[in-house]
Structure formats: structure tokens, C-alpha cells
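These notes concern the structure reproduced below.
Please read these numbers as outputs of a predicted model, since none were measured by experiment. First listed ligand is number 1; within each ligand, the first listed atom is number 1.
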Amino acid sequence: MKIRLASPLTRDSIVDGPGLRTVLWTQGCIHHCKGCHNPNTHPLDGGFETSTEEIIETLKTIKLQKGITFSGGDPFMQPEACTEIARFCHTLPWDVWVYTGYTYENILKENNPLWNEFLNEIDVLVDGPFILEKRDLTLSFRGSSNQRIIDVNLSKKNNKIVFWEQ
Ligand code: SF4
């Protein structure tokens, strides 16, 4: 399956979630947050095209990672391809973190089958737009205080938002 990326995979990141992580930089974002650090990731036709098969072959060669983090751009712009990659990562087994400009409530309300399928493969969702006025450099794994680090599995189980705890 085709997918557009903004940059090649980053290995061994320690700033995009807990532990050593591989980061997938998806291309395309419609949120246009003021102060976004990655405006080059916004055009839906920007970046470069590759395939989920190629990414999975590369992931098979990467060792000692705790998980994968989908960033961007907004991974929810390409839910089918991201679902396929996330599903493979769970077999490694790696955990799956996803950054999105949508809120968790937005995603549930939309009830888009492709988004729901992607959400089923997400362990932790860092949600909501970056808000410049709420920027806080002391926060771990998020840029502004409105963004939440949500334990998706526990939130589904409890039918209310449960924050991830380290
Ligand atoms: S959601 Fe993320 S990538 Fe998109 S504009 Fe906001 S900060 Fe930038």
C-alpha cells in the first residue's frame, strides 16, 4: 500500500515517547497550528511516496526498540497505511504511540471506520493541536499543555479518558 512520508524513519529516538523508539514521519496535515515546527509536512502531496511493504521490511532490520511513534504531519490523514504498519509493529512486539492534531473526542465522534481501525492499533495517543499560547517546554512528549497523553486501551475499557502513566 502506498504512503507518503515527510522524512525517512528515525531510529533510537528518546524524545517521542518512552524508551528507544522508531519514528515514522507521515506527510500531510490540515490543522495548520500556529507555531508548528514541521510546516513542510503539511501539503498532502508533499514529501515522498513509499510503500508499507518497504517500511515493514526496514522495520524488520531495526533492533532494540521499545516501540514506534507515528508523527508528522498527522498520521490520521493516511489511516489505512498507518494501520497496516502499526499492526505489524505489534507483532514485534512494539508499542504504538501516535501524535495527532485531532482530539480523542473528535476521533470517536467522527466514527470513521478507517480511523476506528487505526485507533484499535494505537496504545497511546498524544492528541490535540499545538497551541502556541499554551507551549510549555517542561512537558514530556508534548509541546503544549492542551495536548493529552492518552492510554487508549484503558480509556476504551473504562469508557472515559485515562491518561498514560509512565
Ligand atoms: S497537528 Fe502537528 S503537524 Fe499538524 S500543524 Fe499541528 S503541530 Fe503541525
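Remark: Arg87 does not engage Glu84 in a salt bridge, criterion side-chain N to carboxylate O under 4.0 Å. A salt bridge between Asp45 and Arg4 is absent, with no side-chain N of the basic residue lying under 4.0 Å from a carboxylate O of the acidic one.
Phe88 and Trp97 fall into different hydrophobic clusters, where Ile, Leu, Val, Met, Phe, Trp and Tyr side chains are chained together by heavy-atom contacts under 4.5 Å.
Set against the non-hydrogen atoms of Gly73, the atoms of ligand 1 under 4.0 Å away are 3 (S). Annotation for ligand 1: atoms under 4.0 Å from non-hydrogen atoms of His32 are 5 (S). Set against the non-hydrogen atoms of His31, the atoms of ligand 1 under 4.0 Å away are 1 (S). Each of the atoms 7 (S) of ligand 1 lies under 4.0 Å from some heavy atom of Phe130. The ligand atoms of ligand 1 that sit less than 4.0 angstrom from a heavy atom of Cys29 are 1 (S), 3 (S), 4 (Fe), 5 (S).
Panel note: side chain Glu80, backbone Leu114; no donor-acceptor pair is recorded below 3.5 Å. No donor-acceptor pair under 3.5 Å is formed between the side chain of Asp74 and the backbone N or O of Thr100. Not one N or O on the side chain of Gln147 forms a donor-acceptor pair closer than 3.5 Å with the backbone of Asp127.
Results of the side-chain contact (heavy atoms from CB on, under 4.5 Å) test with Lys66 over Leu20, Thr22, Asp95, Ile14 single out Asp95 as the only residue that passes.
Checking Cys33 against atom 6 (Fe) of ligand 1, an N/O/S atom falls under the 2.8 Å cut-off. Among the backbone and side-chain atoms of His42, no N/O/S atom is found under 2.8 Å from atom 4 (Fe) of ligand 1.
The protein atom (non-hydrogen) at minimum distance from atom 8 (Fe) of ligand 1 is Cys36 SG, 2.3 Å.
Note that atom 2 (Fe) of ligand 1 has no protein non-hydrogen atoms nearby, at separations under 4.0 angstrom.
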